[in-house]
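Beneath this line is the structure, given in structure tokens, with notes to follow.
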Amino acid sequence: MHIQWFPGHMTKAMRKTEEDVKLCDGVIYVVDARAPFACFNKKLMNLFKNKPVVYCVNKCDTISPKDAQKIGEEFKRQGLVYELIDGLSKRDTEKLRSACERVMKEKTDRDKAKGIKRTLRFMVAGIPNTGKSTIINTISGGKRAETGDKAGVTRSNKWIRLGNFDLLDTPGTMPPSFDNQTYARHLAYIGAINDDILDMEGLALELIKDLKIIAPESFKEKYKLETLDKEGLELFDDVCRKRGFLLRGGESDYTRCSRAIIDDFRKQRIGKICLEVAPYDGQDERKG
Ligand SMILES: Nc1nc2c(ncn2[C@@H]2O[C@H](COP(=O)(O)OP(=O)(O)O)[C@@H](O)[C@H]2O)c(=O)[nH]1
Ligand SMILES: [Mg+2]
């Protein structure tokens, strides 16, 4: 299975981002805690290389506190300024505001000495569906940016003014191609890639193979499987049977079961699973 997704509107969005970043003091780069490293779009991040960036590991409520801590350690090791947050928590999103103030402190102090009081302008960027608009809504205490549980809800850049703090909501963009297909799969699992272009049955089979390694206990428990010591497709059949997704002749109904498994994963019904904490950090292609 090879995943590729770069619709035309993203080229335009990328160009707009390149223009708009010049108007900003810094960037809040939002990633999804379930696949934080897959969310790094190098091409996009390249546009921010001269700006302070606050990394926001969002949706931490969907993974275990222990895994969140591990992600934090890795970001720290890479020398990044970051916050681990739940984008629906007002208290958490306020941490982002202070992180932005922190990275701007030198400049703000210099301005203050000159008697200048300026508004801080931050662009909220990242790949699609990581929760950029949600975070802006939570911080602003109102539903001002459109959100939705699929890729591509935000179509254009939009300023949200919050007193002396302005945030720019942007549509997410993907890299033009995925050189790491493990990461591409992770993005598909978490819903960052439009489902309509994906082979959902192929994707569910891949997810089964990944869960067998990443979260064997939760996977086994969720579908009441007797053993995981089987090939992916055989496990797929077991899940179909256990969930009652069978066609009239008793054969597996892969189509319906695929949707169900992927949905179970996205809604944490298999467990709070992070796909990218060591030793399953997606750096190596999956073994076995
Ligand atoms: N569980 C959880 N879901 C979130 C969080 N932040 C956003 N979401 C959900 O993720 C989906 C995408 O959010 P949205 O703000 O539209 O993402 P955007 O494309 O980056 O602007 C929506 O269904 C949100 O409700 C979070 O911190 N935790
Ligand atoms: Mg959005």
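These values consider heavy atoms only, across backbone and side chains, with no hydrogens, waters or symmetry-generated copies. Whatever order the structure lists them in is the order used to number ligands and atoms, beginning at 1.
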Strictly below 4.0 Å, N to O, side chains only: are [X] and [Y] in salt-bridge contact?
X: E83; Y: R102; answer: yes
X: E74; Y: R77; answer: yes
X: R91; Y: E94; answer: no

Provide the number and element of each atom of ligand 1 under 4.0 Å from a heavy atom of [X].
X: N129; result: 11 (C), 12 (C), 17 (O), 18 (P), 19 (O), 20 (O)
X: S133; result: 15 (O), 21 (O)
X: G87; result: 26 (C), 27 (O)

note = Near the Mg ion (ligand 2) (protein N/O/S, cut-off 2.8 Å, waters excluded) we have S133 OG, T154 OG1
ask   = Tell me the salt bridge (Lys or Arg N to Asp or Glu O under 4.0 Å) pairs involving residues 49-58, sequence neighbours left out?
value = none
query = When the ring centroid of Y183 is compared with that of F37, is the distance short of 6.0 Å?
reply = no
request  = Report the part of T62 in contact with ligand 1, treating N, CA, C, O as backbone and CB onward as side chain, heavy atoms under 4.0 Å; options are side chain, backbone, both, neither.
outcome  = side chain
query = Side chain or backbone of D86 under 4.0 Å from ligand 1, or both, or neither, by non-hydrogen atoms?
reply = both
key: Verdict with reasoning, F48 to F40, per ring-ring contact (aromatic ring centres under 6.0 Å, His included)   = CA-CA 12 Å; F48 311 144; F40 281 43; over 10 Å; no
Can you tell me if [X] and [Y] form a side-chain donor-acceptor pair at under 3.5 Å?
X: D169; Y: S133; value: yes
X: Q4; Y: S177; value: no
X: T130; Y: N58; value: no

ask   = Judging by distance only, is a nitrogen or oxygen of G131 under 3.5 angstrom from one on ligand 1?
value = yes
